[in-house]
Engineer: 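Take a look at the following structure, please.
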Amino acid sequence: YAKAEILRRRLLLGLRAAHFNRNVDADDDAVTVIMGTVGWRVVKPLEVYLAVTRTLPSDQARVALPGSDTWEIALVGRFRLGD
């Protein structure tokens, strides 16, 4: 997980990655998930993000989990009350 706030703490960048071994006895049974975000702090409590998630199953995981090789794009708003 990595996070950066730049341009006077208004431009927000994030990156998260996870790797799951579904079966440790198999050489090719894993799923990797990578998420990247770009956000903007509109005013102090309000942030808006564009998030892109890529799920990459190995060949064996792809067979076991049909439809798991995906891209997801989301627009997310966050309103934070208090500090």
Engineer: Ile73: which residues meet the side-chain contact (heavy atoms from CB on, under 4.5 Å) condition with it, sequence neighbours left out?
Structural biologist: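 Checked Ile73 against side-chain contact (heavy atoms from CB on, under 4.5 Å); matches are Leu50, Val52.
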Engineer: Give a yes or no on whether Leu13 and Tyr1 share a hydrophobic cluster (residues Ile, Leu, Val, Met, Phe, Trp, Tyr; joining criterion: side-chain heavy atoms under 4.5 Å apart).
Structural biologist: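 Unlinked, Leu13 and Tyr1 end up in two clusters.
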Engineer: Go through the structure and list residues passing salt bridge (Lys or Arg N to Asp or Glu O under 4.0 Å) with Glu5, not counting sequence neighbours.
Structural biologist: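 Salt bridge (Lys or Arg N to Asp or Glu O under 4.0 Å) check on Glu5 returns Lys3, Arg9, Arg41.
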Engineer: With sequence neighbours excluded, what pairs up with Val63 under the side-chain contact (heavy atoms from CB on, under 4.5 Å) test?
Structural biologist: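 Val63: no side-chain contact (heavy atoms from CB on, under 4.5 Å) contacts found.
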Engineer: Please list all pairs passing the salt bridge (Lys or Arg N to Asp or Glu O under 4.0 Å) test where one or both residues lie in residues 13-23, with sequence neighbours left out.
Structural biologist: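 Passing the test, one end in residues 13-23: Arg22-Asp29.
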Engineer: Which pairs pass salt bridge (Lys or Arg N to Asp or Glu O under 4.0 Å) with one or both residues in residues 48-61, sequence neighbours excluded?
Structural biologist: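 Those involving residues 48-61 are Arg54-Asp69, Asp59-Arg62.
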Engineer: Working to the nearest 0.5 angstrom, can you tell me the gap between Arg10 CZ and Lys44 NZ?
Structural biologist: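 The NZ atom of Lys44 is 11.5 Å from CZ of Arg10, to the nearest 0.5 Å.
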Engineer: If you take all heavy atoms of Ser68 and Ala61, which pair is closest and at what distance?
Structural biologist: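 Minimum heavy-atom contact is OG-O, 4.3 Å.
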Engineer: Could I get the full list of side chain to side chain donor-acceptor pair (under 3.5 Å) partners for Thr32, not counting sequence neighbours?
Structural biologist: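 With neighbours one apart ignored, the set is His19.
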Engineer: What residues, two or more places apart in sequence or in another chain, satisfy side-chain contact (heavy atoms from CB on, under 4.5 Å) together with Arg8?
Structural biologist: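 Once residues adjacent in sequence are excluded, Arg8 has no partner under the side-chain contact (heavy atoms from CB on, under 4.5 Å) criterion.
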Engineer: If you link ILVMFWY side chains whenever their heavy atoms are less than 4.5 Å apart, which other residues fall into the same cluster as Ile34? By chain and number, please.
Structural biologist: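 Other cluster members: Leu15, Leu56.
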Engineer: Apart from Phe20 itself, what residues make up its hydrophobic cluster, given side-chain heavy atom links below 4.5 Å?
Structural biologist: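 Grouped by the 4.5 Å side-chain rule, Val31, Val33, Leu65 form the rest of the cluster around Phe20.
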Engineer: Got a sec, which hydrophobics cluster with Tyr49, joining ILVMFWY side chains under 4.5 Å apart, including via others?
Structural biologist: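 Its cluster mates, by chain and number, are Leu12, Val76.
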Engineer: Going by heavy atoms in the side chains, are Trp40 and Leu11 under 4.5 Å from each other?
Structural biologist: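 Yes, at least one pair of side-chain atoms sits under 4.5 Å.
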Engineer: Under the side-chain contact (heavy atoms from CB on, under 4.5 Å) rule, collect the residues that match up with Val43, sequence neighbours excluded.
Structural biologist: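 For Val43, the residues satisfying side-chain contact (heavy atoms from CB on, under 4.5 Å) (neighbours in sequence not counted) are Pro45, Leu46.
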